[in-house]
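Keep in mind it's a predicted model, so treat the numbers as computed, not measured.
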Amino acid sequence: AEYMGTLLMAQQGASLQGYNNELVKSIEELRDKREQISRAIMKEEEEKAKIQNDLRILTERLSRINESLARKISARNEYDNCLQESEAAYLKILESSQTLLHVLKREAVNLQKQIPE
């Protein structure tokens with residue numbers, strides 16, 4: 001009976017040792033998986049930080065370009081207005097010149113008529 005008790009305890013001890021080994025192995029596997037996830041998280045956080053920095057730089061560039069475009073578009077509109085006014089004034093000058101030329105020609109003809117031949 002004593003032998004059976006010792007044998008039973010030995011079997012229980014072996015079982016306990018087996019459970020213990022499996023438990024330790026399972027815990028190690030969980031730790032490994034956690035470590036893999038941690039590395040993946042760190043990698044993605046680095047990528048996220050880089051993208052956020054790139055985005056900040058691009059946003060600043062976009063803002064500067066928008067400001068520059070606004071100034072240039074405003075300048076172009078001023079050129080358009082100046083050109084329209086200048087072209088309108090030039091047309092008036094042409095019309096006045098044409099009118100003046102007709103008047104001068106008519107006066108020259110009238111003066112010519114007044115001179116006896």
Please tabulate, for the side chains in residues 101-111, all donor-acceptor contacts under 3.5 angstrom to protein atoms that are two or more places apart in sequence or on a different chain.
none

Is the CD atom of Glu29 crowded by more than 12 outside heavy atoms at less than 6.0 Å?
yes
side-chain hydrogen bond (donor to acceptor under 3.5 Å, both in side chains) partners for Asn77, two or more places apart:
none
Could you pull out every donor-acceptor pair under 3.5 Å between side chains of residues 43-65 and any protein atom, sequence neighbours left out?
residue : atom : partner : partner atom : Å
Lys50   : NZ   : Asp54   : OD2          : 2.9
Asn53   : OD1  : Arg56   : NH2          : 2.6
Arg56   : NH1  : Glu60   : OE2          : 3.1
Thr59   : OG1  : Leu55   : O            : 2.7

Which pairs would a plain distance check flag for residues 82-98, meaning a side-chain donor or acceptor within less than 3.5 Å of a matching protein atom at least two apart in sequence or in another chain?
residue : atom : partner : partner atom : Å
Ser86   : OG   : Cys82   : O            : 2.9
Ser96   : OG   : Lys92   : O            : 3.0
Ser97   : OG   : Ile93   : O            : 2.9

Taking ILVMFWY side chains as joined if any heavy atoms are under 4.5 angstrom apart, and letting links pass through other members, which residues group with Ile37?
Ile41
Who else is in the cluster with Leu23 when I, L, V, M, F, W and Y are joined by side-chain contacts under 4.5 Å?
Ile27
Sub-4.5 Å side-chain heavy-atom contact between Asn20 and Gln17:
yes
Tell me if a side-chain donor or acceptor on Ser74 pairs with a main-chain N or O of Ala70 at a distance below 3.5 Å.
no
The reported gap from CD in Glu35 to CG in Asp32 (rounded to nearest 0.5 angstrom) is 8.5 Å
